[in-house]
Amino acid sequence: MEPVAERIAAMGDFPTLQSVLVHAAEERTARYEQALAAGVEAKEPEGPVAVVVPLLAGPDSALLRVIRQAVMDSRVAADLTDVLGPHPLLAEALHVRLSEAGLARADRARLFTVATAADGIILASVGGEEAVQAAGITGMLLAARLAVPVMAAALDQEGSITAVAEQLRSSGSQQLALAPYLIGPEIDPSLIAEAAQEAGCSAAESLGAYPAIGKLALSMYTTALGIAPPQPQGTSVR
């Protein structure tokens, strides 16, 4: 299993969560003090300084512990939401990534087929058995979209991908595809290629910046604050 510290380091040279939370708290206090100095009648800030939304498709206890610790170390009042999945929008995103790689039809309603379309999907997650179980829920939604069997496996458990590939082949699937159930920076990208090679199949890209990720993050944010999400223009609020 890839050490958590190495997985975090692989995410690149970005500001740490702790530093971002501290900066947000300082900025909020500074704006309040500036308003008072300018003679503006301002209400003292209250409530959480920030809402932290883990960009994880499924549960990953090791990374979530790191996130919780960063929030605690910042000493900032911040709300921490759940992970993004399982969710139907993630099944949609997986479908799109598979179709972009030529491994699935873009639209089940269309009559044409893709010559390289897979007849069995390995949904690859990280985070251990809990993550595999959660990925399996999204996998059922993906299977309904593609009308092919989908089984979840763990990228961070040795032999898991290969075992699932053998299980799919024994049940009749011959042309498999690996669908990473990942946002992207959770693991070294080379592990996806290695897993696909072990399973003897092609792989789609990670979910990455697919629009559904932003929608889910926004939903987590508004739910945490107890506010209604923004409505599309022309949509009535009931």
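Position 1 is the first residue of the sequence; numbering continues from there. Computed from heavy atoms alone, side chains included, the values below leave out hydrogens, waters and symmetry copies.
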Checklist entry - Donor-acceptor pair, Ser99 side chain versus Ala104 backbone, under 3.5 Å? => result no
Checklist entry - Looking only at heavy atoms, what is the nearest atom pair of Pro59 and Ala131, with distance? => result O-CB, 3.2 Å
Checklist outcome for this item: Tightest non-hydrogen contact, residues Ala135 and Leu123, listed as O-CD2, 3.2 Å
Item to check | Nearest atoms (heavy-atom pairs only) where Ala224 meets Val51 | outcome: CB-CG1, 3.9 Å
Checklist entry - Do you know the tightest heavy-atom contact between Gly136 and Ala152? => result N-CB, 3.9 Å
Checklist entry - Roughly how far, to the nearest 0.5 Å, is the OH atom of Tyr210 from the CD atom of Glu205? => result 15.0 Å
Next on the checklist: Strictly distance-based, threshold 3.5 Å: is any side-chain N or O of Glu130 a donor or acceptor partner for the main-chain N or O of Gly127?
Outcome noted: no
Checklist entry - Do Ser202 and Leu103 have side chains that get closer than 4.5 Å, going by heavy atoms? => result yes
Checklist entry - Residues two or more places apart in sequence or in another chain: which of them pass side chain to side chain contact (heavy atoms under 4.5 Å, CB included) with Thr29? => result Glu33
Checklist entry - Cluster question for you: counting only ILVMFWY and a side-chain heavy-atom cut-off of under 4.5 Å, with indirect links fine, are Leu225 and Leu84 together? => result yes
Next on the checklist: Show me the pairs that pass salt bridge (charged side-chain N to carboxylate O under 4.0 Å, His left out) and involve residues 87-99, at least two apart or across chains.
Outcome noted: Arg97-Glu100
Item to check | Nearest atoms (heavy-atom pairs only) where Pro48 meets Ala78 | outcome: CB-CA, 4.4 Å
Item to check | salt bridge (charged side-chain N to carboxylate O under 4.0 Å, His left out) partners of Glu44, counting only residues at least two apart | outcome: none
Item to check | Residue among Leu146, Leu94, Leu168 satisfying side chain to side chain contact (heavy atoms under 4.5 Å, CB included) with Ile121 | outcome: Leu146
Next on the checklist: Given 3.5 Å as the limit, does a donor-acceptor pair link the side chain of Glu186 with the main chain of Gly184, or not?
Outcome noted: yes
Checklist entry - Side chains of Leu182 and Leu155: does their closest heavy-atom pair fall under 4.5 Å? => result yes
Item to check | Side-chain hydrophobic cluster, 4.5 Å single linkage: members besides Tyr32 | outcome: Leu36
Next on the checklist: For a 4.5 angstrom cut-off between non-hydrogen side-chain atoms, does Leu98 reach Leu142?
Outcome noted: yes
Next on the checklist: Please check if the number of heavy atoms outside Glu129 that lie under 6.0 Å from its CD is greater than 12.
Outcome noted: yes
Checklist outcome for this item: Residue set satisfying side chain to side chain contact (heavy atoms under 4.5 Å, CB included) with Ala35, at least two apart, ordered chain then number -> Val40, Ala42
Checklist entry - Measuring from Ser173:OG to Met151:CE, what's the distance to the nearest 0.5 Å? => result 9.5 Å
Checklist entry - Applying salt bridge (charged side-chain N to carboxylate O under 4.0 Å, His left out), which residue pairs with at least one partner in residues 67-85 are found, sequence neighbours left out? => result none
Checklist entry - Taking a hydrophobic cluster as the set of Ile, Leu, Val, Met, Phe, Trp and Tyr residues connected by side-chain heavy atoms closer than 4.5 Å, whether directly or through intermediates, do Val150 and Met140 fall within one such cluster? => result no
Next on the checklist: For a 4.5 angstrom cut-off between non-hydrogen side-chain atoms, does Thr81 reach Tyr221?
Outcome noted: no
Checklist entry - Do you reckon Ile67 sits in the same ILVMFWY cluster as Val83, going by side-chain contacts under 4.5 Å, direct or chained? => result yes
Next on the checklist: Which residue in the set Val132, Asp60, Thr138, Leu56 passes side chain to side chain contact (heavy atoms under 4.5 Å, CB included) when paired with Ser125?
Outcome noted: Val132
Next on the checklist: For Ala57, is there any backbone N or O sitting under 3.5 Å from a side-chain donor or acceptor partner on His87?
Outcome noted: no
Checklist entry - Hey, mind stepping through Ile122 and Ile161 against side-chain contact (heavy atoms from CB on, under 4.5 Å) and telling me if it holds? => result CA-CA 7 Å; Ile122 304 169; Ile161 298 291; 4.1 Å; yes
Next on the checklist: With a 4.5 Å cut-off on side-chain heavy-atom distances among I, L, V, M, F, W and Y, is there a chain of contacts connecting Val148 to Ile137?
Outcome noted: no
Item to check | Sub-4.5 Å side-chain heavy-atom contact between Val126 and Leu191 | outcome: no
Next on the checklist: Using 0.5 Å steps for rounding, measure from the CD1 atom of Ile213 to the CG atom of Leu89.
Outcome noted: 8.5 Å
Checklist entry - What distance separates Arg169 CZ from Glu166 CD, expressed to the nearest 0.5 Å? => result 8.5 Å
Item to check | Check: Ser74 side chain, Val71 main-chain N or O, donor-acceptor pair, under 3.5 Å | outcome: yes
Item to check | Side-chain donor or acceptor of Ser170 paired with backbone N/O of Gln167 under 3.5 Å | outcome: yes
Checklist entry - Just wondering, are more than 12 heavy atoms of other shown residues or ligands nearer than 6.0 Å to CD in Gln18? => result yes
Next on the checklist: Taking Leu176 as the starting point, is it possible to reach Ile192 by hopping between hydrophobic residues whose side chains are less than 4.5 Å apart?
Outcome noted: yes
Item to check | Straight-line distance of Leu90 CG to Ile183 CD1, nearest 0.5 Å | outcome: 6.5 Å
Checklist entry - Do the side chain of Asp119 and the main chain of Gln175 share a donor and acceptor less than 3.5 angstrom apart? => result yes
Checklist entry - What's the shortest heavy-atom distance between His95 and Arg145, and which atoms? => result ND1-NE, 3.1 Å
